[in-house]
Every structure is written in structure tokens, then in C-alpha cells.
Amino acid sequence: MLASAFERLALPVRRWIWQQKWASLRDVQEKAIPIVLDGGDVVISARTAAGKTEAAFLPLLSRLVESEQTADGFAVLYVSPLKALINDQHRRLESLCEACDVLLHKWHGDVNESAKARARRRPSGIVLITPESLEALLVRRGGEVPRLFGRLDTVVIDELHAFIGTERGMQLQSLLTRIEAATGRQRIDRIGLSATLGDMQLAAEALRPGDGQEVSIVEGADEGNGLKLQIRGYEVSASVAAVKPPEDDKAPGESPEPFEASDVPEALANDLFRILRGRSNLLFAGSRAKVETYTDRLSAMCRQERLPNEFFAHHGNLAKAVREEVEIRLRDDPRPTTAVATMTLELGIDIGEVATVAQIGPGFSVASLRQRLGRSGRRADKPAILRIFAVETAAGPSSHPIDRLHLDLVQSIAMVECLRENWCEPPTVAGLHLSTLIHQILALILQTGGVRPLVAWELLCNRGPFRSVEKMVFVDLLRCMASPANQLVEQSPQGMLMLGAKGEKIAESYEFYAVFMSEVEYRIVDETRTLGTYPIAAPVAPNETLIFAGRRWRIVSVDDEARVITVQPTRAGKPPYFAGDGGDIHDHIVAKMREVLAGDEGYFYLDETAAQLLAAARGAFRDLGLHERSLLPSGDNVLIFPWVGTKQLKTLLLALLARKMKGSAAWHAIEILEASADSVLRKLEDIAANEDPDAMRLADHLAMPQLAKFDHVLSSELMNLVTIRERLDVPVLPSIAAKVLIS
DNA sequence: GACCTGCTGCGGCGTG
């Protein structure tokens, strides 16, 4: 097997491998080479750093070398969700391509216009591109598409999981369909590269919608070296005193700026410092505000100990240069460095070896936990180490039932159990994605100069990815786009769809190419450079203080016209404000939480406090009778514990609100206000008996912020349709209510 | 109770 995979590669490719002095091909490469050489669609899945890129490109380059190369079209199109990843891959593939005499082009927003023009004049070889740059190319140079892509051999999609079920994923699928249509090709081979996914069949279907069974699947063996786990518990009193910054950090005469009580408990700060200091680590803090608070606290501890700082913030609102300093220090600098980060350090980018991955709280998904874990233990002899720090409020018999159940800790345990059972969330592929479809209709008109409505529907919805959009919905959508208020499109006397006045305007701007929404933000600058961006919704005024990029600042001026906030270093600071909108926790995790609470199994990875907190939570679970019922009177209110995921919980809540109850979601429960258990029971019986719930009635009770870029174009009927299909889970409503009634 | 991603064409000016 080993010999045969290698021997099937073209001579220049084999010669390049000899030059690299590789002892052998990696497992995933052995498996992928013969399959990719034979052609067809392939998903290649393996853990980070297992050699997926070469698994695809060694055989692809072999095919290229052995075919007749010309300069009349690109041969391979590689699409990546990140510019940084394109730069990494370019570095990685450069010498291999050179050895094979194949041109390799980078193509994204930071690449020179002249380099792109050169590639366009004599198109050949491999292009590494983002979906947005590909969109721009199709929209601005629609006429050149047949010449550029007419001889395309293969499309490679990197980080396939990042595209599944998302707006950008729909756009990418649509782009590929548009290329296939414009070049008159039935089918151009697709190769998806991905970290290990929960469900490979879903990945195959995402790669080739409607024909997933025809996709070959290559899974790399798990070459991991074991996993070391710990969950550490922390109990803080409900009325914990505000944690103040150290005295010596305040300038004389400066007014004190106490931190919020929710900031960093003393015992947790001490443990984090003790565990992380002196080595290189990742600390996933959970939100941008927490990244700033924890970085600030831990660097203040360095100062107190008279040590050089080793804690640095890393999140999406920090300027690229600020983030790169942290990445380079992690990768190349021998000094110990802990990056305190959000999910910015979860994906692809090379940051070298870290000793520990630590996380505050359970996070939102097992998939992300798995991805984070992949960041440690990459060296052959070291296991991956993951520590979760769970902070719980002290609770007694008189406390609120939800506090007594210590749900943060219980969720952490449930998620670790899922991880150990090798389960992770399957990507969600449902959804109408009408906002993205509006974008693609505009893009198709720009690319072709005009299109008939039926042709557009055939291409985008029947052949392309918007499969759940029926003709009638498509017609409604076109009406919204053409309405006098929107004027995105109009129809010519011959029946062609053309851009309307406002459509023209939108398409002129470079902001058109991305399908996702982006907020308006201020730039934060100190005397020398831009530190990052700050939401316009956050209230700021001169002389207020702010923690940003892990340091403390005083706001000098706010220029609303230029949207610039100028800051100066100072010695006190308040955590920043970022709006967030909460994530969906999967059903499987919440069901597992109930198992953890109802069971008596011990978990070897809990520290003493965590074990005590779990024992207390299990005691409360039985005391409250939750092992035999799901309804709990609590003062004037009633708590419902359906033990389902966020989406289903929200749907059940809406069904109750639609039946004139008052209440809200409270953690993993629903709290109904001023009602008796009996009255709630009757409503639940009604919901359980109603096999065909009136979905539109539910949507009426839901606050519907415009979440996607073109949601404002949709009529309220279409907006409701989107909400019901994408944000709620209406069909299961009767069965959830029935389940609550039985238990 | 959240997070992340991306961007063209052209006019105007300075430099080699």
C-alpha cells in the first residue's frame, strides 16, 4: 500500500518528496492519493496538522504534470475562508509547485492588483482565493469566466466544516454552480478538506448538494497521543465584593474604578496564574469582554510579582497587527506566552506548540471544544491537556432552584462526556437563506448582464444550493426585491431581470461581495497606531477609561464624523462592552446534562471543589423532585425543565406565550410568571394535543431583529418563513410538551 | 449567554 500510493505519483512530485526527506507518507495521504488520482468528488477529513493539504495537492499536481498544460485557463481553484490561511498554504505549496513547473497564484484583498491582472492575462496553474474575491471576479469580469475557468480540473475547499450550513457556504456553492453553468461544464471535481466532522455523510452532501452518495470519503486515522482532562470548580458567594485593581496601579488623584463583581474571582485568578505562568498556553475566555478582563488581571499579577508580562489578548476586534504580534510571539519567541483568546485562535493558523489549553466555562459546542483541544499535544510524545474552569454561585436550600443546580459545571461535564464518547454536533444544513439568495440574484444579474426569472430559479434553486426555495417563494422574493421601497431589481419589457436604481448603487460598493452582515464600528487609536475597532452601540465619552488589547486606557476624544476614538495609557480601566446574542446549545448536550444530574457516576477529571459542587447539584435535583417531574412551582412562578436544546426551548416558550402566558427562558429552563402549576399543565396539554401547530402564530411573539444582510428587503411573511425554518423547531413541539407532561 | 470571516476600481499624488 505504502509503495503503491507513492509510486503512482508523477516523477517531479516523487522527487520533491525525496528532497523533503520525509520518512514516509502520513496515513491520510496514503489513503487519499489513489482516490484523488482517479478523479471524482472527495472529502478528506483528518485532525489538524495531519497533512491534509498535501494529501490533496500531491495527487492533483501529479495529474497536472501528466496532462497537457496550457495558459488558457486555471487548472485548480482552491477556496479558503481566511486570507491568513491562503498565505500559509501559499508558503507550503510554493516549492512543490515550482518543482512541478506549475504556477501558483494568491488571490485575495491584500494581493496586488497587478499580480491579479497578470494571472488573468495568462491563466494557468493553481489559484488560492477567498469566496469574496471569487465573487468579485465573477461579478466584475463575468465575460471572462469561460476563458478563465473553462478548463478547470478541480475545486479544493479548505476548512469545509466552516462553510457547511452557513451564509458563506451557500454563497460558495452558488459560485461553483455559476462557474459550472457559465463554462458549460456538467461537473467539475470537488475536494473538501476538513477537521474531523461528526457526520461524514452530511459533509459529502454539503460538498455536492443533491448527490452526496457519489462523494468518496477519506478519513485519516486518529494519531492523537491521549487526552488529559480536568474540570476545576470555583464557588463564589452571590454578594462577592467588587475585585479592585491593585492599589499601586492607580495614579495619585485618579478616581477609583472598581471592577464589576462578575470579573475574576480571587481563587481563580491565583490558580490561572500559577498554572499558566512560565509556559506557552491558550486560554479561551468565552467573550471579547472576558478576554480583556482576564488579560488585564493576569498581566497585573505579572507586574505585582515584578515579572515581564506574558499574557496577551487576541480577538476579532483587535487590529491585525496587534493580533499578529501575539501569534508571532507564540510561534517563534522562546519567552513564555499565554494568548487569552476567543475563537480567533481555534482555526487553521499556525501558532506552534502550547503546553495547556484552558477554558473559562463550558462554551457553546463540543465541536469547538474538540477544535481547541487539537491545539495542544501536537508533538509526538505529548498528550493534549484541557482544563475547564467552572465558576458557580454558592447556593443553599433557600436559593433559586436554577442556582442550586450549578448548570455551568453540569454542562461542562456533559460536554466533556460527549467529547469522550466521540460525539460532536452535526452541522445544520436546514434553512432558506433568503438573504443570501437575494445577494446571489443580484450577483447573477451583474455577472450575466441580465437573466430571465425562470433561468435564475433553475440555476440557483434547482441546480444550485437554494434547494428548499420553491418557485412560489422565489416569485414572492422577486416581488420584494422589485418593490418601490427596495428597487433592487426591475424587469425589462422582454422579461429580463435587470438591476433597479438601488440595486445599481449597492453593487457599486466594494461592500457588496461579502454575504454576511458587518456592523459599523469606531477605530480605537493611541498616539502611534490603530489598536482595533469598537462597536458604535457601546456608549463612550472622553475621560472614561477602558481596557483594550489587554491594557488600560483613558479616552481622550471621540470623533463621531471620522468614527475614531483616541486613547492614552492610564492606570485604571473598565472592561469593554460588546453586544452578543447567545448561541444555540444542542439537544444532545442538554439531554446529557439531565443524565449527569440524575446519575451517581463519579468523574475522574473533577477536582475536589467541582466534585462537591456536583454532589450539591445532584442533591438539589432530588430535593426538588426533578428526577420524577419537569414542572416546579417556585414562589408565584412555575419553572419548566424540558431538558432540550436552545432552539426547542425557545419554540416551547413561544407556544406558551402564544397561549397568553408570561415568562422567559432562564438558563436551560423556562420560567412562567404568576401562574399555577395546574394552569401551565393545561396549556402544555393543549400544545401536546395540537398536531399541526400554527407556526405563524408563534413567530408573532418573537422579537425578530434583522440578522442577515438583506433581511430588510423581505416582507413580514417571508421573514416569518425564514424565522420558522431557521430559528425554531416547530414540528417537534407536540412531542416536547408531551414529554414534559409524562415526566 | 457568543464568536468569526471579507472587499474593486479609480482618481490623485509622489517617486524613480
Side-chain angles (χ1 to χ4, degrees), chain A residues 79-87 107-114 116-117 120 129-142 158-159 161-163 165-172 175 262 284-291 314-318 320 323 341-349 359-365 367-369 371-372 390-391 402 407-408 411-412 436 439 443 446 506-519 521 532-533 535 576-585 589-590 645-647 649-650 664-669 707-709:
Chain A
V79 187
S80 152
L82 299 176
K83 290 187 287 189
L85 211 52
I86 288 180
N87 298 340
W107 193 305
H108 59 66
D110 299 343
V111 173
N112 290 338
E113 172 56 28
S114 59
K116 295 178 198 167
R120 240 182 29 238
I129 199 166
T130 59
E132 288 74 19
S133 282
L134 186 56
E135 182 69 84
L137 184 57
L138 261 63
V139 158
R140 300 282 168 200
R141 317 266 170 192
D158 206 351
E159 307 277 4
H161 56 279
F163 286 114
T166 64
E167 293 167 342
R168 282 178 105 194
M170 295 299 277
Q171 177 188 30
L172 177 55
L175 283 163
S262 62
F284 290 101
S287 71
R288 288 164 288 186
K290 280 195 183 136
V291 163
H314 195 287
H315 60 72
N317 279 71
L318 295 177
K320 199 175 153 197
R323 283 157 59 171
T342 57
M343 61 176 286
T344 42
L345 285 181
E346 226 171 74
L347 275 180
I349 313 161
Q359 179 174 299
I360 309 294
F364 289 83
S365 75
S368 149
L369 210 55
Q371 195 81 15
R372 290 171 182 189
V391 182
I402 289 177
L407 294 177
D408 233 16
Q411 189 182 326
S412 301
T436 306
H439 182 269
L446 282 158
I506 287 168
E508 260 170 32
S509 161
Y510 71 91
E511 285 168 2
F512 174 73
Y513 311 109
V515 284
F516 52 87
M517 184 108 111
S518 46
E519 282 171 57
E521 293 184 316
T533 57
Y577 165 85
F578 295 101
D581 75 344
D584 285 349
I585 310 284
I589 295 170
V590 188
T646 317
K647 221 170 168 181
L649 190 81
K650 210 159 53 183
S664 60
W667 220 238
H668 293 289
L707 296 173
K709 195 170 177 181

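Nucleotides of DNA chain B that come within less than 4.0 Å of any heavy atom of chain A span, from the 5' end to the 3' end, B:dG1 to B:dG9.
In terms of position along DNA chain B, the nucleotide closest to A:F364 lies nearer the 5' end than the nucleotide closest to the other residue of the pair A:F364 and A:A514. Summary of the strand contacts: A:N317 and A:Y513 both lie near DNA chain B, and taking for each the nucleotide with the nearest heavy atom, the more 5' one is attributed to A:N317.
Scanning for side-chain hydrogen bond (donor to acceptor under 3.5 Å, both in side chains) contacts around A:R168 gives A:E132, with sequence neighbours left out.
Using a 4.0 Å heavy-atom cutoff across all strands shown, A:R140 reaches sugar-phosphate atoms only and no base atom. Contact annotation for A:E113: backbone-only contact, meaning every heavy-atom pair under 4.0 Å involves sugar-phosphate atoms and none involves a base. Across all strands shown, A:S518 has heavy atoms under 4.0 Å from base atoms, whether or not it also approaches the sugar-phosphate. Residue contacts for A:G316: at a heavy-atom cut-off of 4.0 Å it reaches the sugar-phosphate backbone alone, with no base atom in range.
Side-chain contact, A:E167 with A:H439: no donor N or O sits under 3.5 Å from an acceptor N or O. A donor and an acceptor atom, one from each side chain of A:S80 and A:E159, are nowhere located under 3.5 Å apart. A:Y513 and A:R140 form a side-chain donor-acceptor contact under 3.5 Å, judged by distance and modelled atom types alone.
Side-chain contact between A:P81 and A:T130 is absent, with no heavy-atom pair separated by less than 4.5 Å. A:F163 has its side chain within reach of A:P131: a pair of non-hydrogen atoms, C-beta onward, lies under 4.5 Å apart.
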